Each structure stands twice: as structure tokens, then as C-alpha cells.
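Beneath this line is the structure, given in C-alpha cells, with notes to follow.
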Protein chains: 2
Amino acid sequence: MTRQPTILDVAALAGVSKSVVSRVMNDSPLVSAETRKAVLKAAANIGYRPNAAARHLASNRTHILGAVVDDLHNPFFADMLDGVEDVARERGYRVMVMAGKRNTRHEEDAVEAFLELRVDGLLLAGPQIRAQTLKRARAATRVVVAAHRLRGNSVRAVATDDIRGAELAVQHLAGLGHSHIAYLQGAPSPPARDRLSGYQRSMKKAGLAPVILQADFTEDGGYAAARELVRSGAIPTAICAPNDLAAIGAINALEDAGLSVPGDVSVVGYDDTALAGLRHISLTTVHQPRRALGERAAELLLDEEEEPSRPRQILLPPHLVIRSSTAAPRGGHEPSPHRLPSPASTRSTP
Amino acid sequence: MTRQPTILDVAALAGVSKSVVSRVMNDSPLVSAETRKAVLKAAANIGYRPNAAARHLASNRTHILGAVVDDLHNPFFADMLDGVEDVARERGYRVMVMAGKRNTRHEEDAVEAFLELRVDGLLLAGPQIRAQTLKRARAATRVVVAAHRLRGNSVRAVATDDIRGAELAVQHLAGLGHSHIAYLQGAPSPPARDRLSGYQRSMKKAGLAPVILQADFTEDGGYAAARELVRSGAIPTAICAPNDLAAIGAINALEDAGLSVPGDVSVVGYDDTALAGLRHISLTTVHQPRRALGERAAELLLDEEEEPSRPRQILLPPHLVIRSSTAAPRGGHEPSPHRLPSPASTRSTP
DNA sequence: CTAATATGTGGGAACGTTCCCACTCGGAAC
DNA sequence: GTTCCGAGTGGGAACGTTCCCACATATTAG
């Protein structure tokens with residue numbers, strides 16, 4: 001790698017000063033059309049590429065948005081990032097991503113890396129960092145938290161209304177006639193807390209007794225919790241899972257125990273990931289507006305005037321997607337159809 | 001955001017020169033323990049954080065690896081990035097990711113962004129960029145391509161041996177006694193080409209007639225192709241899909257047509273994503289060593305001695321993971337032909 | 001005709017580091 | 001008692017931009 005050409009090389013070749021080249025590179029109107037053309041040609045000729053470091057240093061702007069993503073394996077964040085990217089690109093910003101790997105140390109290191117880069121905005125998606133780190137970040141740049149509702153009000157955040165989401169699930173099940181609705185709780189996190197409290201609230205409102213089991217956000221967690229439910233003998237007619245993966249685990253446990261879904265037990269997931277939509281799975285689930293979450297987050301990050309009046313915490317409404325993992329409880333009526341194959345074909349059966 | 005403290009602020013507070021502070025920040029041994037302690041204390045007191053841009057500019061090193069990932073929704077890349085990250089972190093490098101979004105323009109813009117940043121190494125994961133862009137990138141920094149085998153030999157690359165992978169699938173099926181093995185081809189890309197040629201080669205070796213249908217790497221693509229196969233009336237006893245998602249689509253199409261998997265038709269996927277492992281799906285599939293792919297790629301990027309002897313192409317061996325979507329063909333019978341619509345009517349549809 | 005304005009252009013000082021060189025000051029070697 | 005050396009320190013010149021100010025020239029207003 002030989003030395004890369006600089007603005008001065010371009011200037012020399014084009015026979016102008018570095019100032020003019022700089023202006024051309026920044027689309028300043030203060031350059032004659034003729035000069036601009038010559039500079040552009042010279043730049044192309046020698047393969048000039050602006051040096052971001054020098055640019056950042058001199059201008060104190062990077063036009064980079066840093067996104068620290070808790071878990072790149074979770075497609076939830078990929079969807080969200082699409083939204084972030086779109087808004088950022090539109091406004092002339094680039095989005096760089098670092099993986100937190102579900103690990104506080106890694107996540108905080110990523111935050112530090114972006115702060116050293118002096119990114120113009122920092123997006124923390126599902127962050128697992130200490131309050132102190134968050135505070136330090138906030139002191140250095142604009143920060144928006146996504147997918148986690150925050151306790152305090154000091155940092156701007158965008159999240160789904162998870163209380164409402166859990167309510168939707170319970171209401172759907174109660175509406176179908178279920179009264180024994182169990183809840184599998186996810187690993188400790190703001191969303192898990194909100195979903196639980198939504199469940200509790202709507203169970204109370206419906207006059208039903210809550211049944212809560214500890215699980216986590218994995219297939220295995222859902223499997224273990226549902227198996228526990230089966231073992232206990234007190235099998236509910238419906239289960240709310242903390243996310244789609246856990247719902248799938250729960251379904252597996254139920255089927256392993258000889259129970260049919262939704263025949264014997266209805267199951268509702270959360271997130272509406274691509275998984276839930278697979279025909280084989282066809283999970284009724286609470287949809288999160290993932291892309292919109294990203295868009296709102298980016299807007300919060302980039303909007304010029306940080307009006308203090310503006311809501312600092314944006315909650316987006318979820319909605320329920322009804323597929324084939326839920327049905328009315330067995331009430332002595334006709335046996336519920338098995339949920340496979342596709343709904344269309346079952347419905348058209350004479 | 002008030003002005004952030006610089007090395008000079010730290011120096012003033014600690015009562016030393018900026019040179020000393022710089023040395024402390026870079027762990028130089030040429031500082032007395034006493035001075036080091038004072039500097040560190042001063043830095044912590046005023047919340048000093050090195051300015052990456054200034055550092056990069058002065059040292060001409062960034063200690064950043066840029067990774068352009070074709071599609072962040074594909075968990076394949078998340079696994080790979082884990083490998084990249086581990087190796088990079090071990091050697092004091094940070095990995096920043098930009099999403100290509102399956103789009104040449106976005107991907108090339110991401111490449112450009114990283115080149116402007118003057119990253120110390122550039123990883124292109126499943127790149128969809130023009131040869132010219134690749135060449136320009138190579139002229140500017142170290143470049144490694146991952147997950148795509150390249151035609152030429154001019155850029156270093158790490159990939160799975162997809163020819164071998166497809167062979168494994170065919171050999172498994174042939175070993176089970178299948179002779180009608182159809183292949184669904186993925187969207188045009190180096191891996192799709194390799195897998196196809198592996199299929200063709202091993203079919204020929206086994207003395208079997210190849211049947212090839214155009215599909216893509218999505219569930220819908222697999223569904224459509226398998227449905228076409230069903231409609232044509234010439235139903236194979238086994239299908240090789242270009243990836244797991246397409247395999248799932250194919251299975252859905254088969255089951256929608258009243259065929260059972262693996263009873264009537266065996267299906268093999270490719271990639272061994274988390275999807276394939278779900279109990280409900282339990283797909284026999286070709287496993288790619290994703291994390292190892294990332295590790296090798298990072299090593300190639302970071303290994304000190306870039307032997308000019310020749311750019312290397314590393315091919316990692318895949319292996320077959322046998323689950324429940326494959327079985328021996330039904331002895332003697334072809335799958336029930338009576339339930340198929342007339343070929344004439346299907347052929348008239350587009 | 002002069003003054004004022006608009007339009008380009010050039011030069012130099014930042015920006016916050018690293019890195020090289022020069023310097024001081026003990027102590028060891030002669 | 002010099003000389004030499006190494007450890008520790010300080011100062012200044014890069015690095016490649018942006019941005020401000022000064023200037024040159026052409027155009028317009030009075």
C-alpha cells in the first residue's frame with residue numbers, strides 16, 4: 001500500500017489550491033463550473049479518496065451513527081437497523097454497527113469505540129450496560145436507546161409498548177374462551193418486566209388467576225418451562241411466551257407430552273419474527289414494529305433541534321398477528337383441526 | 001456537548017508534557033511508574049477519551065477492521081462475525097460492520113466508507129460488488145472475501161467447499177437408495193454455482209440423471225420450485241435445496257400436495273442454520289463451519305507476513321448433519337400419482 | 001469615475017494525536 | 001574526574017483536512 005493521494009496532490013494536478021479542492025469535495029457553490037470539472041477529473045485520475053480521520057479532526061463532525069447491537073444473531077435487530085439505515089442515509093449519515101454479543105463488557109467496549117470515533121450519534125439497541133456507562137456516553141454525544149424502555153427519563157428511548165403487547169395476547173386468549181392462561185417470563189430485562197406486568201394487569205382485569213413460570217428468551221427455556229407445567233399436572237389451556245423462540249420450545253414440550261397445539265393448548269409468541277411466519281410453525285404472536293422502531297430512533301438521533309418539549313420516550317403500539325397456534329379451548333365442541341397444513345386448505349375442506 | 005478534554009488538558013493537570021501523556025496512553029515503558037499513575041489519575045478525573053481521528057491521522061493506523069456484510073438478516077453472517085470478532089479482539093483490533101442489504105450500491109458505499117476511514121483491513125462477506133470496486137479496495141488496504149469463492153486468484157478468500165457440500169448431500173441420498181434426486185438451484189452467486197456443480201458431478205459419478213430447477217435462497221423460492229416439481233408429475237424421491245430456508249419452503253409445498261417428508265420425499269438443506277435444528281423442522285442439512293470461516297478470514301486479514309508468494313484461497317470442509325427430513329425411499333413404489341392434476345393443464349400456466 | 005458588491009481563489013491556522021529528536025540527570029565504567 | 005549510557009522527559013513537526021480571512025477580478029450602482 002503506497003501512500004494514498006491527498007487533497008494537495010489533487011490540487012497540484014488540477015493547478016489550483018487545496019482550498020478549492022476542499023470546496024469541490026464538499027459541494028460548495030463557490031467554485032466555477034470549469035474549475036470544479038478540472039478538480040473532479042484530477043481526483044478521479046489519481047484515485048483520490050478523502051481521509052475520514054482528517055476530515056473528522058478538522059470539522060469535528062463524522063456523519064457517522066454508531067449502533068451497538070446487543071445480539072446480531074437476533075433478526076429483530078437486523079430489521080430495526082434497516083429502519084435506522086434508511087433514515088440515516090436519507091440525511092447523509094452512515095451507520096456503523098458493533099456487536100455487543102449479549103455481554104456487558106463487549107457492549108461497553110463498543111460504546112467506548114464509538115465515542116473515541118466521536119460519532120455524531122449513538123444508538124444502543126437492547127443495551128446491557130451499566131447506568132454509569134450510559135451516563136458517560138450521554139455526556140459525550142447524542143444517545144438513543146432502542147428496544148428497551150428506560151426507568152428514568154434522562155435518556156431518549158424508543159420501544160414497543162410491551163405492556164400493551166402482553167395485554168393483546170391475553171385479551172385474544174380470553175376472548176377465545178380461555179381462563180387458564182399461563183405466562184412464561186423471559187430473562188430479566190426491561191421488556192420481560194413490561195410484558196409480565198401487562199400479563200398480570202390484563203389477567204386481573206379479566207378476573208383470572210395468573211400463573212407465572214420463569215423461562216428465558218430461548219427455545220430451550222420455553223421447552224423447560226412448558227415441560228415443568230406439564231409435569232406439575234396443572235396444564236393450562238393457553239400459554240403466553242416471552243418471545244417466538246420460547247413459544248416454539250413450549251410447543252415442542254407440549255407435543256412431546258402428547259398434547260396438541262392448539263387443540264389442547266393454545267400458544268402465543270412475541271415479536272413476530274420470520275420464524276413465526278414459517279408455515280410449519282405458523283405462530284400466533286405479538287408483532288413489534290421493528291423497522292419503525294429503527295426509523296424513530298434514527299430520527300430522534302438526527303433531528304436538528306433537540307426540543308425539550310418533545311417526548312423523550314417513544315412507545316410504539318404492537319399488534320396481534322393471529323395464525324394457527326391459538327384456538328378456542330376444548331369445550332366439548334368439535335375437535336379443533338390440527339394446524340397443518342396451510343390454513344387455506346383446511347378451510348376449504350368440505 | 002462542551003469541548004471534550006484532550007491530551008493537553010490531561011498534561012496540564014498532571015503537570016507533565018503531552019508527550020508523556022501520549023506515552024502513558026500507549027503503554028510505553030518509557031514512563032516512570034509514579035508519573036504514569038499521576039497521568040492516569042488526571043485522565044480519569046477530567047474524563048479524557050482519546051480522539052480516534054487524531055490518532056489515526058498521526059499514526060496512520062486505525063486498529064479497525066471493517067466488515068461489509070451482504071445481509072444482516074442472515075444469521076449465517078452473525079455466526080461468522082463472532083469468529084472474526086474473537087480473533088480481532090485477541091489481536092487488539094475492533095470490528096465495525098456495515099450492512100450491504102443485498103444491494104450492490106449499498107455495498108459499494110459501505111466499502112467506500114471503510115476505505116475513507118482507512119481501516120486496517122476490509123472483510124467482504126458474501127459481496128455483491130463489481131470487480132472494479134474490489135480492485136480499487138484492494139489497492140487501498142488489505143482485503144479478504146468471505147463466503148464467496150472467487151473466480152480469479154487475485155484476492156484472498158475464505159469459503160466453504162460447496163462443491164464438496166453438495167456432494168455430501170447427494171451421496172447421503174444415494175446411499176439411502178434414492179435415484180431420483182432433484183436439485184433446486186439458488187439465485188446466481190458463486191456458492192449457488194459451486195453447489196450445483198457438486199450436485200452435477202456426484203450425480204454423474206453415481207450414474208444418475210440430474211434434474212435441476214431454478215429457485216432462490218428464500219422459503220418462497222423453495223416452495224415455488226417444489227410445487228412446480230409436483231405439478232410436473234415427475235416427483236423425485238429426494239430434493240437437494242440450496243439452503244435451509246428453501247428446503248423448508250420445499251417441504252411446505254410437498255406437504256401441501258399431500259406428500260410426506262421424509263415418507264414420500266426426502267429433503268436436504270444447506271447451511272445448518274438454527275432453523276434446521278428446531279425440533280419441529282429437524283432438517284438434514286449440510287453444515288458450514290461459519291465461525292471458523294470468520295476466524296480464518298480475520299487471520300488472513302491480520303497475519304503479519306503477507307507472503308507475496310500468492311494470494312490464498314482457503315476452502316473449509318463442510319459436513320453433513322443428519323436429522324429427520326431424509327430416509328430411504330419407499331420400497332418399490334413411486335409416490336402416489338393418482339392425486340396429481342393433469343400435466344397438460346399445469347403446463348399452460350405461466 | 002468611484003465605490004460597493006458578488007464571485008472565485010489562495011494561504012495559514014487550527015484540529016488532537018504520534019513520533020522523532022534533543023535534552024537532563026543520575027549512576028556506572030574507565 | 002571525565003565520559004558514557006539509559007531512563008525519563010519535553011518540544012516541534014508532521015498527518016490531511018476544514019474554515020476563516022485576505023485578496024483578485026468582474027459587475028453593478030450611484
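Sequence lines set the chain letters: A, B, ... in the order given, protein chains first and strands last, and positions in each chain run from 1. Hydrogens, waters and symmetry mates are skipped; everything else that's a heavy atom, side chains included, is used. All values reported here derive from a predicted model rather than from experimental measurement.
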Q) Which heavy atom of B/Pro127 sits nearest a heavy atom of B/Ala146, and at what distance? A) CD-O, 4.2 Å

Q.
I'd like to know if the side chain of A/Ser17 and the backbone of A/Ala11 have a donor-acceptor N/O pair within less than 3.5 Å.
A. no

**Q.** Any donor-acceptor pair under 3.5 Å from A/Thr133 side chain to A/Ile129 backbone
**A.** no

Q) Do A/His148 and A/Asp70 have a side chain donor and acceptor closer than 3.5 Å? A) no

Q: May I ask you to say what B/Asn60 touches in the nucleic acid, namely base, sugar-phosphate or nothing, with a heavy-atom cut-off under 4.0 Å?
A: nothing

Q) B/His63: what forms a ring-ring contact (aromatic ring centres under 6.0 Å, His included) with it, not counting sequence neighbours? A) B/Tyr93

(Q) Which residues in residues 110-121 of chain A have a heavy atom closer than 4.0 Å to any atom of DNA chain D? (A) none

Q: Name the residue closer to the 5' end of DNA chain D, choosing between A/Asn26 and B/Ala33 according to the nucleotide with the nearest heavy atom.
A: B/Ala33

Q) Can you find a side-chain donor-acceptor pair between A/Arg102 and A/Asn74 that sits under 3.5 Å? A) no

Q. Between B/Thr35 and B/Ala54, which is nearer to the 5' end of DNA chain D once each is assigned its nearest nucleotide?
A. B/Thr35

Q: Measure the distance from CZ on B/Arg23 to P on D/dT9 and round it to the nearest whole Å.
A: 8 Å

(Q) Looking at every non-hydrogen atom in both residues, tell me the closest pair between A/Gly126 and A/Glu107 and how far apart they are. (A) O-OE2, 3.8 Å

Q | Check: B/Arg296 side chain, B/Leu316 main-chain N or O, donor-acceptor pair, under 3.5 Å | A | no

Q.
I'd like the 5' and 3' limits of the part of DNA chain C contacted by chain A, with heavy-atom contacts below 4.0 Å.
A. C/dG8 to C/dG16

Q.
Classify B/Ser19 by what it touches in the nucleic acid, base, sugar-phosphate, or nothing, heavy-atom distance under 4.0 Å.
A. base

Q.
Just to be sure I understand the rule, does B/Ser59 reach a base, reach only the sugar-phosphate, or reach nothing, if contact means heavy atoms closer than 4.0 Å?
A. sugar-phosphate

